[in-house]
Amino acid sequence: MIFKNGLVLDKSFRFVKTDVEIKDGKITHIGACEGTDVIDISGKYLIPGLVDIHTHGCAGADACDATMEAMDIMSETQGKAGITSFCATSMTVPEEQIAAIMSTVKKYREGPQKRAHIIGINMEGPFFAESKKGAQRADCLRNPDASFFRRMNELSGGVIKLCDMAPELPGSIEFIKEVQEEVVISIGHTAANYEQAMDAIENGASHVTHLYNAMNGLTHRSPGVIGAASDTNVYAELICDGIHIMGSAIRAAFKLMDDRICLISDSMSACGMPNGEYELGGQKVIMKDKKATLEDGTIAGSATNLADCMRKAVEFGIELPVAVKAASYNPAASIHMENQIGSIAVGLDADLIVMDKNLNFEKIFIKGVEQD
């Protein structure tokens with residue numbers, strides 16, 4: 001199959017008018033192509049499929065449900081929205097429930113996935129600071145524990161891509177040193193100061209969980225995790241739903257972090273659903289007009305998918321190529337999967353989106369198969 005005459009977001013993340021050939025689920029050629037199986041996309045953008053490395057759920061389903069049905073719903077819904085790959089994201093819940101999530105993801109990945117591919121797991125918790133727990137359960141928090149992580153990773157089939165933690169907790173630096181070769185360590189749900197965050201990064205942490213949210217703010221004498229992220233080369237997640245963070249702070253984050261921002265949804269089961277009551281990590285969540293909160297008013301994930309977060313970033317003034325890269329290549333690179341997904345380059349999976357000038361997705365392809 002050949003896509004002709006489109007504005008292709010190339011590997012330099014610039015839109016160029018060219019052709020793209022795909023075969024057997026892979027991108028095989030970029031440049032002038034001839035053939036009979038042609039899709040003319042004149043005047044349209046061709047962008048990579050989006051990669052959400054932090055999503056709990058959507059369409060009434062959640063990773064914490066730990067059922068094959070929930071995984072099917074998430075895969076189906078994400079794929080239809082142009083999120084072609086995602087990390088199923090757990091919560092701070094009892095160990096047996098985390099174990100069930102891990103086992104279910106492993107089992108689901110062994111069979112045919114409905115639509116979007118679950119590329120791994122983001123283990124969000126339980127290694128968090130109580131003062132910054134957000135919507136995480138306080139009764140299930142614990143200090144970083146390598147044996148706990150390894151038990152869970154074994155159950156997952158070794159596909160935990162991110163392990164989130166607060167670096168000020170006892171044993172955190174030892175934990176980072178011990179497991180950093182096995183998983184990407186992300187700093188999150190933390191009251192860490194600048195020095196503690198830098199210590200974690202210098203010892204192997206390479207990622208920050210939802211920048212700004214569930215951490216101390218950046219001030220001139222206490223820059224905290226945000227300052228440490230700006231000063232180093234770590235990737236940082238950003239929830240761009242228009243609710244978690246104001247537009248000015250979104251623009252500031254891109255200026256501070258440049259090519260290291262990973263747009264995420266942090267979506268929960270209410271995403272794509274009507275106003276009402278839902279659940280996140282065993283806690284009641286009330287969603288009204290895309291704002292999801294616990295009963296005490298704490299924001300509890302988002303009700304916006306990654307595609308709409310990308311569009312919102314553009315609305316906030318982020319240039320389109322930068323926003324697309326932050327929703328595709330950067331998250332893939334942050335979990336070391338950039339040689340498989342996240343950009344339009346020869347040899348990568350043919351996860352592609354035909355998008356019009358109003359950022360509407362007209363055609364979605366997952367491993368070269370057009371989605372109906």
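Along the sequence shown, residues are numbered consecutively beginning with 1.
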Short N-O contact, K106 and E110, less than 4.0 angstrom: yes
Sub-4.5 Å side-chain heavy-atom contact between L352 and V354: no
Smallest separation among heavy atoms of S269 and Y278, with atom names: OG-CB, 3.7 Å
Student check: side-chain heavy atoms of V234 and R260 closer than 4.5 Å: yes
Short side-chain to backbone donor-acceptor contact, Q136 and T92, under 3.5 Å: yes
Exceeds 12 heavy-atom contacts within 6.0 angstrom, atom NZ of K133: yes
I118 side chain near M71 side chain, heavy-atom distance below 4.5 Å: yes
Check: F254 ring centroid to F316 ring centroid under 6.0 Å: no
P48 vs L9 side-chain heavy atoms within contact, under 4.5 Å: yes
Parallel, tilted or perpendicular: rings of Y45 and F15 (30°, 60°): tilted
Polar side-chain atom of S90 near backbone of A88 as donor-acceptor pair, under 3.5 Å: no
Path from I245 to I187 over hydrophobic side-chain contacts below 4.5 Å: yes
Electrostatic pair K4:D19 at N-O distance under 4.0 angstrom: yes
Shared hydrophobic cluster, I239 / I250 (ILVMFWY, side-chain heavy atoms < 4.5 Å): no
Centroid-centroid distance, H210 to H54, less than 6.0 Å: yes
Residues forming a side-chain hydrogen bond (donor to acceptor under 3.5 Å, both in side chains) with E154, sequence neighbours excluded: none
Ion pair check, D349 and K26, cut-off under 4.0 Å: yes
Student check: side-chain heavy atoms of L155 and R151 closer than 4.5 Å: no
Atom pair CD1 (I47) and CE (M355), whose distance is rounded to the nearest 0.5 Å: 4.0 Å
Rounded distance (nearest 0.5 Å) linking atom NE2 of H244 with atom CG of L211: 12.5 Å
Minimal non-hydrogen separation, L162 against S186, with atom names: CD2-CB, 4.2 Å
Straight-line distance of I344 CD1 to F3 CZ, nearest 0.5 Å: 9.0 Å
Minimal non-hydrogen separation, D65 against G60, with atom names: OD2-O, 4.3 Å
Beyond-backbone contact of C58 with N305, side-chain heavy atoms, under 4.5 angstrom: no
Derivation of the side-chain contact (heavy atoms from CB on, under 4.5 Å) call for D241 and K290: CA-CA 9 Å; D241 61 351; K290 291 199 171 184; over 6 Å; no
Smallest separation among heavy atoms of G49 and I353, with atom names: CA-CD1, 3.9 Å
Donor-acceptor under 3.5 Å (T298 side chain, A135 main chain): no
I98 side chain reached by P126 side chain, heavy atoms, under 4.5 Å: yes
Any donor-acceptor N/O pair, S222 side chain to T219 backbone, under 3.5 Å: no
Short side-chain to backbone donor-acceptor contact, Q180 and N203, under 3.5 Å: yes
Whether E130 side chain and F128 backbone form a donor-acceptor pair below 3.5 Å: no
Donor-acceptor contact present, side-chain S12 to main-chain R14, <3.5 Å: no
Reported CZ-to-CD distance for the pair R142 and E95, which is rounded to 0.5 angstrom: 5.0 Å
Residues S75 and D72: side-chain donor-acceptor under 3.5 angstrom: no
Cation-aromatic face contact R311/F361, 6.0 Å, 45 degrees: yes
Listed once per pair and sorted, the salt bridge (Lys or Arg N to Asp or Glu O under 4.0 Å) pairs that draw on residues 73-82, sequence neighbours left out: E76-K80, E76-R115
Short side-chain to backbone donor-acceptor contact, D351 and K367, under 3.5 Å: yes
Partners meeting side-chain hydrogen bond (donor to acceptor under 3.5 Å, both in side chains) with E319 (sequence neighbours left out): none
Ring centers of F149, F127 separated by less than 6.0 Å: no
Worked check of side-chain contact (heavy atoms from CB on, under 4.5 Å) between K161 and H207: CA-CA 11 Å; K161 299 294 185 182; H207 195 93; over 6 Å; no
K44 side chain near K363 side chain, heavy-atom distance below 4.5 Å: no
hydrophobic_cluster_shared for M287 and L294, side chain cutoff 4.5 Å: yes
K132, Q196, E168 screened by side-chain contact (heavy atoms from CB on, under 4.5 Å) with T190, the one that passes: E168
M68, CE: over 12 other non-hydrogen atoms inside 6.0 angstrom: yes
Considering all heavy atoms, the nearest M1-G368 contact: CE-O, 4.4 Å
Flag for T55-S267: side-chain donor and acceptor within less than 3.5 Å: yes
Shortest non-hydrogen separation from A59 to T77 and the atoms involved: CB-OG1, 3.4 Å
Hphob cluster co-occupancy, F13 + L306, side-chain heavy atoms under 4.5 angstrom: yes
Atom pair OG (S42) and CG (L7), whose distance is rounded to the nearest 0.5 Å: 9.0 Å
side-chain contact (heavy atoms from CB on, under 4.5 Å) between T84 and F365, worked out: CA-CA 8 Å; T84 55; F365 296 81; over 6 Å; no
From M257 atom CE to T232 atom OG1, the distance as rounded to the nearest 0.5 Å: 6.5 Å
Enclosure of E362 CD (heavy-atom neighbours >12, cutoff 6.0 Å): yes
Worked verdict on C163 versus M123 for side-chain contact (heavy atoms from CB on, under 4.5 Å): CA-CA 5 Å; C163 179; M123 194 171 95; 3.9 Å; yes
Same apolar cluster (I L V M F W Y, side chains within < 4.5 Å links), L46/I83: no
